[in-house]
Structures are given as C-alpha cells and as structure tokens.
There are 2 protein chains.
Amino acid sequence: MSRASEQAYAKIRAHLLSGAVRAGEQLTEDQLAQITGVSRTPVRDAVRRLEDELLLVRSDTKRLFVADWSRDDIEEMFTLRQMLECHAAERAARRLSREQVARLEGLNRDLKEAIEQSPPDVVRFLDANRAFHEVIYDAAQSPRLGQLLAKLVEAPVVLRTARTYSQGDLRQSARDHDELVAAFVARDPDWARAVMGSHLRRAFHTFVRSVGSAANDQDPS
Amino acid sequence: MSRASEQAYAKIRAHLLSGAVRAGEQLTEDQLAQITGVSRTPVRDAVRRLEDELLLVRSDTKRLFVADWSRDDIEEMFTLRQMLECHAAERAARRLSREQVARLEGLNRDLKEAIEQSPPDVVRFLDANRAFHEVIYDAAQSPRLGQLLAKLVEAPVVLRTARTYSQGDLRQSARDHDELVAAFVARDPDWARAVMGSHLRRAFHTFVRSVGSAANDQDPS
DNA sequence: CGGAAGGGATTTGTATACAATAACCCCGGC
DNA sequence: GCCGGGGTTATTGTATACAAATCCCTTCCG
C-alpha cells in the first residue's frame with residue numbers, strides 16, 4: 001500500500017492493460033519484480049490486489065496467469081454489477097446532494113464533449129464515465145456496496161484496448177446519463193433504478209458486440 | 001496460502017471469534033506472529049484476507065484494529081447479502097441437481113437435530129446452516145457471486161459468541177429451509193427468491209434483537 | 001498552563017536469502 | 001514407442017534484517 005507496493009500495482013496493471021501480455025499467459029513474480037523495479041515482497045502485495053480484481057488468476061498449484069475472460073464470465077460480471085448498481089442508483093436517488101447532482105451534470109457535459117470530437121476521445125469518455133458512476137456509489141452511502149462494485153468494475157476494462165466504440169453507442173450512453181440525472185433531480189428511486197438497469201444491460205451487449213468472440217479465440221497451447 | 005499462511009489465518013480468525021479481543025482494539029503484526037507461531041510474512045498475508053472479510057481494519061495510517069460493526073453496518077451487510085443471495089437462490093432453482101437437493105435435505109435434517117437437543121447445539125446448527133447456503137451458492141454456478149457472498153457471510157459471525165438464539169428462531173430458520181427445498185424441488189425460481197428474501201430479512205432482525213445494541217456500547221477510550 | 005517541536009520507541013514496509021514445492025526433462029524399462 | 005521414475009530447474013512460500021513511517025512522551029517556549 002505504500003510507495004513500492006502501490007507503484008508495483010499501477011505498473012503491473014498498466015502492463016496488463018497495455019496488451020503486452022496475452023490472456024492465459026503465465027507470469028512469474030520475478031518477472032513482475034523486474035518490470036516494476038521493486039522486490040518480490042511488494043509485488044506479491046500488488047498481485048494479491050490484481051487477483052482480487054480478477055485481472056490475474058492462480059492455478060491450483062499457485063502459478064500465476066493473466067486472467068482469461070469468457071463471454072459467460074463477462075455476462076456474469078455485468079449481471080452482478082447491474083444488480084448492485086441498480087441498488088446504488090436507488091439509494092443515491094434518495095440521498096444525492098445538490099452539489100453531487102451538479103457534479104454529475106458537469107461530468108456528463110465533459111463526457112459529451114469527448115464524444116463529439118473526431119475521432120471521439122474514448123479515454124476521456126471512459127474517465128468521465130467512471131467518475132460519473134463513482135459519484136453515484138458515493139452518494140449511495142454504503143461502503144460495502146462501493147467495495148463490491150469496485151471489484152466488478154475494474155475487470156472489464158482489461159479488454160478496452162482492443163475495443164472500438166461507435167459514436168452511436170457513446171451518444172446513447174450519454175443520453176442514459178442525462179436520464180439518470182433527471183431521475184435524481186426528481187428524486188425518483190424507481191426511475192433511477194430502471195434507467196441504470198437498462199443502461200448497464202445495453203452496455204453489456206455493446207461490450208460483447210464490440211469485442212465479439214475475439215477475446216478468447218487464441219489457441220491456449 | 002500454503003501451510004504457514006493458512007494456519008496463521010485460521011488461528012487469527014479463531015482468536016478474533018473467541019472474544020479474547022475487543023472491537024476497536026489495536027493489534028500488531030508482531031503480536032499476531034507470536035500468537036500464530038509464524039513470521040510476519042505469512043501473518044501479513046492472513047491479515048489481508050481478514051481485512052477483506054472486514055474482521056480487521058486499518059487506520060488511515062496503516063495501523064491494525066479489530067473491526068467494530070455498528071448496527072447500520074450490519075444492516076447494510078444483510079441488505080447486500082439478501083440481494084445477492086436471492087439472486088443465487090433463483091439461479092440455483094434452475095440448476096440444482098438431484099444430488100444437491102438430496103444434500104440440502106440431509107443438511108436440513110442435521111440442522112433440525114441440532115436444534116432439538118437441549119440445549120440446542122448452536123455450533124452444529126451454524127455449521128449445517130452454512131453448508132446449506134454454500135450448496136446454493138455452488139448450484140448457482142456463478143463464481144464471482146460466490147466470491148462476493150463469501151466476504152459478506154464471514155463477517156457477522158464475529159459476534160456470534162455473544163449471541164443467544166431462541167429455539168423458536170432456530171425452528172423458524174429450519175422451516176424456511178424446508179420451504180426453500182420445496183421451491184427447489186418445484187424448480188420455481190420466483191418462489192425460491194421470495195423465500196430466501198424473507199429468510200434473510202428475518203435473520204437480520206433476529207440478529208439485531210439478540211445482539212441488541214450491546215455490540216458497540218463500550219467506551220472506545 | 002497550553003501547545004508545538006524534537007527524539008526515542010513502536011509499528012509497518014521492503015529487500016534479500018533460503019526453504020519448500022511444483023514443473024520439466026531425460027533416461028531406462030517394458 | 002511409451003510410460004514411469006528420479007533428478008534438475010523454475011517458482012512460490014517463509015524467515016529475517018533493515019528502512020521508513022508513525023506515534024507518543026518529554027521538553028521548551030510563549
């Protein structure tokens with residue numbers, strides 16, 4: 001958690017997201033120690049966290065591998081996230097402060113700007129999107145819920161490097177956010193829950209479509 | 001997570017559950033190393049797991065304390081558990097094999113036997129109860145779901161040493177299990193979900209009533 | 001008397017060496 | 001030719017020493 005450990009976490013994570021390693025590939029703690037420039041102790045710490053986020057997995061015999069997400073794994077993850085995040089939206093609708101609503105509006109403006117550039121600034125979109133959802137977790141005032149969601153949300157970004165969003169997808173996402181804000185302003189928990197549900201379910205299908213079955217078609221041998 | 005680490009985890013956990021330490025009390029890794037008889041390295045490993053299960057917490061400055069659960073914390077936890085476990089019950093209703101149903105019936109028989117002793121064998125009850133729910137997680141065939149639930153379910157047993165169940169509470173719990181099995185036999189996901197929902201919600205109230213507000217009324221100084 | 005600054009003691013974080021375990025490879029028997 | 005055994009290598013697990021951070025108590029100044 002301190003400097004070396006945190007740094008190792010960030011570097012390994014970036015390494016995984018950069019696409020420099022293939023899903024299913026074996027890693028060793030020594031390798032990661034070399035890459036990160038710290039000793040194995042903080043590396044093991046960082047690896048723990050990444051296992052928790054399901055970016056890394058260990059075999060039954062403790063060997064370390066890059067996680068390989070099947071289509072079903074992804075659907076499962078989105079389903080769980082939907083369940084939890086709908087709950088968060090409902091709670092948030094009862095609790096959001098004016099300032100938080102204003103922040104959501106600001107983030108959504110930013111998000112739209114990112115979309116309307118050509119080409120759309122996907123990184124900026126994803127950042128604003130994440131911040132938007134985090135305001136909601138925060139407003140839900142349920143630390144455990146936030147903790148559970150953190151795990152689920154981290155995972156799918158693994159594949160984002162390979163993903164291409166259509167501008168239509170991004171715009172729909174922004175419209176969802178607008179409607180969520182409307183539901184929040186109206187303080188209507190049911191509305192918020194419903195919008196969040198369809199928002200995430202569509203996100204799942206968009207995700208699957210853009211990734212296709214490409215994530216897992218390499219020969220594991 | 002090999003021998004020393006696993007052993008440290010088990011010993012520390014037992015130590016916490018034994019009531020030998022008070023909620024909010026500070027612990028040091030050295031102490032735990034002495035208690036467990038292994039070095040700090042595997043202790044740190046075990047501590048991380050226990051932090052994850054929310055039995056231990058760290059202050060902002062990384063010092064280690066026994067977790068202190070407020071009534072609201074407990075309610076939050078039960079709410080999340082209910083949400084996830086209802087989902088698990090629904091999925092399980094579609095997927096349970098004959099063998100798994102038979103196992104549930106066997107566990108429930110065991111559980112009833114434990115109740116009808118005088119005094120009721122609460123430890124045996126809790127073990128059978130846990131095993132019962134674990135069969136359901138398993139049948140739900142959603143690894144992530146099982147992982148999330150594992151975290152939530154571990155936590156409340158912290159206080160079980162101080163808790164007294166009435167025989168009526170235990171019998172109602174057994175009846176819930178009977179009805180769950182009936183829902184599973186009927187392969188009715190909605191029924192299973194509904195029963196699980198009321199089962200856990202009642203469990204929450206039973207828990208709060210039996211613990212009272214006694215969990216947190218010690219002076220923190 | 002209050003409060004801030006300093007310094008020793010406590011506690012956590014990291015590096016390194018070594019131990020234990022698992023994977024791999026080669027070789028011999030059948 | 002293939003299957004199993006034994007030793008070698010690769011990889012993870014643990015112990016220990018030391019570094020960094022934090023706490024706490026004392027002291028000194030206002």
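Each chain gets a letter, A, B and so on, in the order its sequence line appears, and its residues count up from 1. When reading the values below, keep in mind they use all heavy atoms of this one structure, side chains included, and skip hydrogens, waters and symmetry mates. Everything numeric in this text was worked out from a predicted model, so none of it was measured.
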Check your understanding: Residues two or more places apart in sequence or in another chain: which of them pass ring-ring contact (aromatic ring centres under 6.0 Å, His included) with A:His15?
Key -> none

Check your understanding: Which of these nucleotides, D:dT14, C:dT12, D:dT11, is closest to any side-chain atom of B:Thr28?
Key -> C:dT12

Exercise for review: Check the distance between C:dA22's P and A:Leu64's CG and give it to me in whole angstrom.
Suggested key: 16 Å

Check your understanding: Taking atom P of C:dT14 as reference, at what distance in whole Å does atom CZ of B:Arg48 sit?
Key -> 10 Å

Review point. Within this structure, what is the CG-to-P distance between A:Asp30 and D:dG13, rounded to whole angstrom?
Key: 12 Å

Point to revise | Value in whole Å for how far the P atom of D:dG13 lies from CG of B:Asp45 | key: 8 Å

Exercise for review: Mind calculating the distance between CZ (A:Arg58) and P (C:dT21) to the nearest angstrom?
Suggested key: 16 Å

Revision key, fill the gap. For B:Asp121, the salt bridge (Lys or Arg N to Asp or Glu O under 4.0 Å) test, sequence neighbours excluded, returns none

Point to revise | Selected nucleotide, minimal atom distance to B:Ser39 side chain, candidates D:dT12, D:dA17, D:dT14 | key: D:dT14

Check your understanding: Which residue, A:Ala4 or A:Ser59, contacts DNA chain C at a nucleotide closer to its 5' end, judged by nearest heavy atom?
Key -> A:Ala4

Check your understanding: Hey, does B:Leu32 reach any base, or is it just sugar-phosphate, or nothing, if we go heavy atoms under 4.0 Å?
Key -> nothing

Exercise for review: Report the residues that fulfil side-chain hydrogen bond (donor to acceptor under 3.5 Å, both in side chains) with B:Asp110, sequence neighbours left out, ordered by chain and then residue number.
Suggested key: B:Arg124

Revision key, fill the gap. Contacts of B:Glu90 meeting salt bridge (Lys or Arg N to Asp or Glu O under 4.0 Å) (sequence neighbours excluded), chain-then-number -> B:Arg94, B:Arg193

Check your understanding: Rounded to the nearest Å, what distance is computed from the NZ atom of residue B:Lys62 to the P atom of nucleotide D:dC23?
Key -> 12 Å

Check your understanding: Is the count of non-hydrogen atoms from other residues, nucleotides or ligands lying under 6.0 Å from A:Glu25 atom CD greater than 12?
Key -> yes

Practice item. Check the distance between D:dA15's C1' and B:Gln34's CD and give it to me in whole angstrom. Key: 15 Å

Review point. How would nucleotides 4-9 of chain C be written as a contact map, 5' to 3', with B for base contact, S for sugar-phosphate-only contact and - for no contact, using protein heavy atoms under 4.0 Å?
Key: ------

Exercise for review: Respond yes when some side-chain nitrogen or oxygen of B:Arg44 is under 4.0 Å from OP1 or OP2 of C:dG13, and no when none is.
Suggested key: yes

Review item, nucleotides 19-22 of chain D N/O atoms under 3.5 Å of protein N/O:
{"from": "D:dT22", "atom 1": "O3'", "to": "B:Thr61", "atom 2": "OG1", "distance (Å)": "2.9"}

Review point. Among all residues two or more places apart in sequence or in another chain, which pass the side-chain hydrogen bond (donor to acceptor under 3.5 Å, both in side chains) test with B:Gln100?
Key: B:Ser97

Check your understanding: So, for B:Leu80 and A:Ser142, which heavy atoms are closest and what is the spacing to 0.1 Å?
Key -> CD1-OG, 4.3 Å

Review point. With sequence neighbours left out, what residues match B:Arg109 under salt bridge (Lys or Arg N to Asp or Glu O under 4.0 Å)?
Key: none

Point to revise | B:Glu75: partners by side-chain hydrogen bond (donor to acceptor under 3.5 Å, both in side chains), with sequence neighbours left out | key: B:Arg71, B:Arg201

**Study point:** Distance in angstrom units between A:Phe65 CZ and D:dA10 C1', rounded
**Key:** 13 Å

